[in-house]
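Excluded from the calculations below are hydrogen atoms, water molecules and symmetry mates; all remaining heavy atoms, backbone and side chain alike, are included. In what follows, chains are A, B, ... by sequence order, proteins preceding strands, each numbered from 1. None of these values were measured; they are calculated from a predicted model.
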2 protein chains.
Amino acid sequence: MVVLFKPLDLPVNQDQILQTLIADNLVSDPESARGRLLREAARLFREKGYERTTVRDLAAAVGIQSGSLFHHFRTKEEILKAVMVETIRLNTAVMQAAMEAADSNRDKLRALVSAELESINGQTGEAMAVLVFEWRSLSEVSQAEVLKLRDIYEALWLDVLGALKEEGALVADPFVVRRMLTGALSWTVTWYRPERGGLTREGLTDQVVAMLGLSQP
Amino acid sequence: MVVLFKPLDLPVNQDQILQTLIADNLVSDPESARGRLLREAARLFREKGYERTTVRDLAAAVGIQSGSLFHHFRTKEEILKAVMVETIRLNTAVMQAAMEAADSNRDKLRALVSAELESINGQTGEAMAVLVFEWRSLSEVSQAEVLKLRDIYEALWLDVLGALKEEGALVADPFVVRRMLTGALSWTVTWYRPERGGLTREGLTDQVVAMLGLSQP
DNA sequence: AACCATACCAAGCAAGCGCTTGGTTTGTAA
DNA sequence: TTACAAACCAAGCGCTTGCTTGGTATGGTT
């Protein structure tokens, strides 16, 4: 496979993780018909919103007829759900790897912040935005399913924050901190433009971690 | 007018501000037909999203026929825009008053955080959520109009944060901090439930301000 | 050569949508 | 009482939507 973009400065090989997940059938190959559709769907859902994106829009984006979509997915909602599920799977795996590469809890937190910023502003950014802003477009049943996957993801954060609290490095409540961070980091998608120069992702990570005011061990 | 809810522990009389704005025709009287519709619209838009809320839903919520809506508003989008515009106007006025009541820049920041938490989680909470999550449902023209109003609101924040930076109390960049706060505070709408006990709004405000790590003057 | 699953097209249906229309009720003021 | 505007109803138009249907290429397997 050809690497189409610059390698990240994360301590993990994102592409290798992706290949593993593809092999396990947990996410679609971006080069397959299904994968291409999901990428275009994420782009359109982010750009116009789920409801304003028609199945005709989706079909046109990958160059087929609207009816042909339903050969790959049974409903339009299933497409939205697939975008969300595969994104969570990929990002959970990346986060897990990033954390395992870190030694101290401090470094683990830094790795989580950095990885989440990359999730939100990098390749999977469009899908992450969909995850935040199109949540209510899922049926309640689908919401519950996706929520289960998110819980695994959230547990990673709470483990590290909880450990930092026990160490005495963190004063505030881990749950509150995680929720504040969720909001603050998600929101970067609306304003943070690293490619325009200025703040790098590492710089932004520094500011975020500094903002938490971890006291010295 | 009857006060339907407990007075707030804000250093300003929110109801008095509301009356002034109604008199100036800047926001609708909540007891008028228009005002009631806007409140129900905010509720429904928040609950189901703008696109999934039909004009028939809106009409039913106030007990009229769908066609009769268009006696009050020319389009469905105009309803969404009105919800947003009136909410910004009210909250800008409340914030301005809260700030004027504070002396130091520290206190002003605290007042802003507290007031924004109240905006998001109090009476105007549903409308504030609409402002965040239904942004893209506005036409580009309307977006630009609403953005102008938001700029006034944002200037309040940046003034205070900029002053704190000059004082040396704030280390991070005011723009970055404001954006982080926007995300973190907005996100509270998805999880913060003060009525269930636990964290009070004052307590949450403390945690937020503490999180910024303002150094002593 | 025969078969068959996969991937697609062309056409269109039923339902729901925002909004319009023509007419009726209601409140207010001369 | 008359006059008139604001508020509303009943009906439905025209369009778009998600999705279905019946049929057709394509490529691999036997």
Side-chain angles (χ1 to χ4, degrees), chain A residues 22 25 28-84 130 134-143, chain B residues 22 25 28-84 130 134-143:
Chain A
I22 292 172
N25 239 340
S28 313
D29 188 335
E31 292 178 28
S32 71
R34 182 186 157 100
R36 276 198 353 263
L37 174 60
L38 288 182
R39 202 179 51 217
E40 292 299 311
R43 216 199 69 228
L44 286 167
F45 290 163
R46 150 108 203 258
E47 188 179 310
K48 327 204 308 176
Y50 172 77
E51 316 281 349
R52 295 174 94 92
T53 304
T54 69
V55 292
R56 287 165 180 82
D57 292 334
L58 292 170
V62 290
I64 60 175
Q65 291 293 102
S66 68
S68 306
L69 278 184
F70 296 89
H71 175 74
H72 300 279
F73 297 89
R74 276 178 310 174
T75 63
K76 183 189 170 189
E77 197 212 344
E78 201 172 281
I79 300 176
L80 176 61
K81 189 168 136 188
V83 167
M84 294 183 171
V130 170
E134 308 299 334
W135 182 251
R136 280 165 319 165
S137 295
L138 282 183
S139 70
E140 287 195 24
V141 178
S142 300
Q143 281 189 20
Chain B
I22 292 171
N25 240 337
S28 312
D29 188 336
E31 293 178 28
S32 71
R34 183 186 157 100
R36 279 200 346 268
L37 173 61
L38 289 182
R39 202 180 51 219
E40 291 300 310
R43 216 200 69 228
L44 286 167
F45 290 163
R46 151 109 200 258
E47 190 180 308
K48 328 202 309 175
Y50 172 77
E51 317 281 349
R52 294 174 96 90
T53 303
T54 70
V55 292
R56 288 165 180 82
D57 291 334
L58 292 170
V62 291
I64 60 175
Q65 292 293 103
S66 68
S68 306
L69 277 185
F70 296 90
H71 175 73
H72 300 279
F73 297 89
R74 277 178 307 176
T75 63
K76 182 188 171 190
E77 196 213 344
E78 202 172 280
I79 300 176
L80 176 62
K81 190 168 135 189
V83 168
M84 294 184 171
V130 170
E134 307 300 333
W135 181 251
R136 280 164 319 164
S137 295
L138 283 183
S139 69
E140 285 195 24
V141 177
S142 299
Q143 281 190 19

Check your understanding: To the nearest angstrom, how far is B:R52 atom CZ from C:dG18 atom P?
Key -> 13 Å
Review point. In Å, rounded to the nearest 0.5 Å, how long is the span from NZ of B:K81 to CG of B:L138?
Key: 8.0 Å
Exercise for review: Whole angstrom is fine here: how far is it from CZ in A:F70 over to C1' in D:dT17?
Suggested key: 10 Å
Point to revise | Rounded interatomic separation in angstrom, taking NZ from B:K76 and P from C:dG16 | key: 15 Å
Check your understanding: Under the side chain to side chain donor-acceptor pair (under 3.5 Å) test, which residues partner A:E78, sequence neighbours left out?
Key -> A:R74
**Study point:** Within-4.5 Å side-chain heavy-atom neighbours: A:L37 and A:L69
**Key:** yes
Check your understanding: Residues in side chain to side chain donor-acceptor pair (under 3.5 Å) with B:R52, at least two apart?
Key -> A:E51
**Study point:** For atom CG of A:D57 and atom P of D:dT16, their distance in whole Å
**Key:** 12 Å
Review point. B:R34 has an atom CZ; how far is it from atom P of D:dC8, in whole Å?
Key: 14 Å
**Study point:** Integer-rounded Å distance: D:dC19 P and A:L69 CG
**Key:** 10 Å
Revision key, fill the gap. A correct 5'-to-3' footprint of nucleotides 6-13 of chain C, with B, S and - meaning base, sugar-phosphate only and no protein heavy atom under 4.0 Å, is SBSBS-B-
Check your understanding: Just how far, in rounded Å, is P of C:dG18 from CG of B:L58?
Key -> 8 Å
Check your understanding: Between atom CE of B:M84 and atom CH2 of B:W135, what is the distance when rounded to the nearest 0.5 Å?
Key -> 6.5 Å
Check your understanding: Can you tell me how far the CD atom of A:E134 sits from the OH atom of A:Y50, to the nearest 0.5 Å?
Key -> 9.5 Å
Review point. Atom CZ of A:R74 to atom C1' of D:dT20: distance rounded to whole Å?
Key: 15 Å
